[in-house]
Amino acid sequence: ERTGKPAYEVVDPSALAELPPPSPGDVFVDMEGDPYALGGTGLEYLFGAVTRDAGFTPFWAHSRAQEKRAFEEFIDFATAQLDADPDAHLFHYAPYEVTAVKRLAAVHGTREEAVDELLRSGRVVDLYAVVRKALRVGGRSYSIKHLEPLYMPEARAGDVTTAVSSIEAYEDYLTLREAGDLDGADEVLRGIADYNEYDCVSTQRLLEFLHRVREEEGIELAAPPEESDVDALVRRAEEDEAALRRAERAAEVAALVEPL
């Protein structure tokens, strides 16, 4: 059972008023990386996402080529979810995910336009930034694990309970795989997947908690801003430019593939 819930108070109601209302297509994501993998060059080895319809969807990578493929599948999955629900958003906690997807798009030279459009759309929400602005939390820690007693009924279980232990666990997985202990390696991956899924669900429950706090405090959702004529022109110009870049990229790929 949970004990020791941190005290909190609302210090900026506007941050809660600006929260997007929950929508069926919302995506809650968390990524796991190992800075020591691949000879110390690092690897983003798990892209996790939770949605209402699909539940938990993991995208795994154990090599640089697999990292590229998993990244593409993750971005395609998130984009499809948001395209299917115009009111949906992608939620994460802290800057790691946004920093990582920008870097991966550049390193692998793939999904750059999709990532750019996603980040400029205003539909990617960092709940860490919301919590830091909206609430003063007792203990002065804004780690999501410190906040979880407020809204998660059960404490984290298993061997993997922190970001550090997830890195250690993945290093154990690599060692077991190298030694040929595939059953042991698979068991470690299951523990990491459970940890990642918990993080995604925790982000989802945090959004629900913040809306409960907003309602209890009598804070109304802010009306969405109306798009000005200038903003509409800028948006259309950006959409046209993005479409042109996509067409140019498709032509480049076709030119490369045609002689094969």
Side-chain angles (χ1 to χ4, degrees), residues 22-35 37 42-64 66-82 84-85 88-105 108 110-111 114-115 118-119 123-128 143-145 147-148 151-152 154-174 185-208:
S23 192
D26 285 338
V27 187
F28 302 88
V29 305
D30 185 65
M31 292 170 54
E32 310 296 339
D34 179 358
L43 177 72
E44 301 299 333
Y45 65 85
L46 177 55
F47 305 76
V50 160
T51 60
R52 190 177 74 173
D53 292 338
F56 177 60
T57 304
F59 302 90
W60 289 97
H62 305 300
S63 68
R64 190 66 70 214
Q66 289 178 8
E67 181 186 66
K68 178 181 180 181
R69 187 200 64 213
F71 169 67
E72 290 173 338
E73 291 176 348
F74 172 72
I75 294 298
D76 292 348
F77 176 86
T79 301
Q81 289 289 319
L82 299 188
D85 180 357
H89 291 74
L90 184 149
F91 296 91
H92 63 101
Y93 195 84
Y96 183 87
E97 282 71 26
V98 168
T99 301
V101 297
K102 287 179 179 178
R103 176 175 52 78
L104 291 171
H108 292 296
T110 184
R111 301 302 188 270
V115 168
L118 188 62
L119 296 179
R123 299 175 72 185
V124 176
V125 181
D126 181 359
L127 290 182
Y128 171 79
S143 162
I144 195 168
K145 295 165 184 63
L147 301 176
E148 283 170 353
Y151 58 85
M152 293 293 276
E154 300 293 335
R156 291 173 181 263
D159 295 331
V160 184
T161 57
T162 66
V164 172
S165 63
S166 70
I167 294 172
E168 293 171 345
Y170 191 72
E171 286 292 304
D172 289 343
Y173 158 77
L174 295 174
D186 287 344
E187 184 177 352
V188 171
L189 287 188
R190 285 193 293 271
I192 295 173
D194 289 343
Y195 166 77
N196 183 263
E197 180 178 6
Y198 191 103
D199 270 354
C200 294
V201 172
S202 179
T203 304
Q204 182 181 27
R205 298 288 179 258
L206 175 59
L207 176 65
E208 296 169 357

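Counting begins at 1 with the first residue of the sequence.
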With no hydrogens and no angle check, do the side chains of Tyr195 and Thr162 hold a donor and an acceptor under 3.5 Å apart? no

Which atom names give the shortest non-hydrogen contact between Gly48 and Phe56, and what distance separates them? CA-CE1, 4.0 Å

Side-chain donor-acceptor pair under 3.5 Å between Glu154 and Tyr198, yes or no? no

Closest non-hydrogen contact found for Thr203 with Leu127 is O-CD1, 3.6 Å

Are there more than 12 heavy atoms of other residues, nucleotides or ligands under 6.0 Å from atom CD of Glu187? no

Are the side chains of Glu97 and Val124 in contact, using a 4.5 Å heavy-atom criterion? no

I want to check something: taking the side chain as every heavy atom from C-beta on, are Phe59 and Ile75 in contact at a cut-off of under 4.5 Å? no

Does any non-hydrogen side-chain atom of Val125 lie less than 4.5 Å from one of Leu207? no

Taking all non-hydrogen atoms of both residues into account, name the closest pair between Ile167 and Tyr45 and its distance. N-OH, 4.5 Å

Nearest-0.5 Å distance, CD of residue Gln204 to CZ of residue Phe91: 10.0 Å

Could you check, using the six-membered ring where one of them is a Trp, whether Phe74 and Phe77 have ring centers closer than 6.0 angstrom? no

Determine whether Val98 and Asp126 make a side-chain contact, defined as any pair of heavy atoms from C-beta on separated by less than 4.5 Å. no

The side chain to side chain donor-acceptor pair (under 3.5 Å) partners of Arg205 (sequence neighbours excluded) come to Glu208

Side chains of Arg111 and Thr79: does their closest heavy-atom pair fall under 4.5 Å? no

Which side-chain N or O atoms in residues 23-31 pair as donor and acceptor under 3.5 Å with protein atoms at least two apart or in another chain?
unit_1	atom_1	unit_2	atom_2	d
Ser23	OG	Asp85	OD1	3.3
Ser23	OG	Asp85	OD2	2.6
Asp26	OD1	His89	N	2.9
Asp26	OD2	Ser23	N	2.8
Asp30	OD2	Asn196	ND2	3.1

Between Leu43 and Ala37, what is the shortest heavy-atom contact and its length? CB-CB, 3.8 Å

Mind checking the OG-CG spacing from Ser166 to Asp194? Nearest 0.5 Å is all I need. 13.0 Å

Has Ser202 got a side-chain atom pairing as donor or acceptor with Asp199's backbone, closer than 3.5 angstrom? no

Give the ring-plane orientation class for His62 versus Tyr173, where under 30° counts as parallel, over 60° as perpendicular and anything between as tilted. tilted

Please verify the inter-ring angle class for Tyr128 with Tyr93; under 30° counts as parallel, over 60° as perpendicular, anything in between as tilted. perpendicular

Partners passing side chain to side chain donor-acceptor pair (under 3.5 Å) against Ser63 (at least two apart in sequence or in another chain): none

Could you state the interatomic distance from CD (Glu168) to CG (Asp34), rounded to the nearest 0.5 Å? 10.5 Å

Determine, for Arg69 against Glu72, whether the closest basic-nitrogen to carboxylate-oxygen distance falls under 4.0 angstrom. no

Between Glu67 (side chain) and Glu44 (backbone), is there a donor-acceptor pair under 3.5 Å? yes

Just by distance, do the side chain of Arg123 and the backbone of Ala88 share a donor-acceptor pair under 3.5 Å? yes

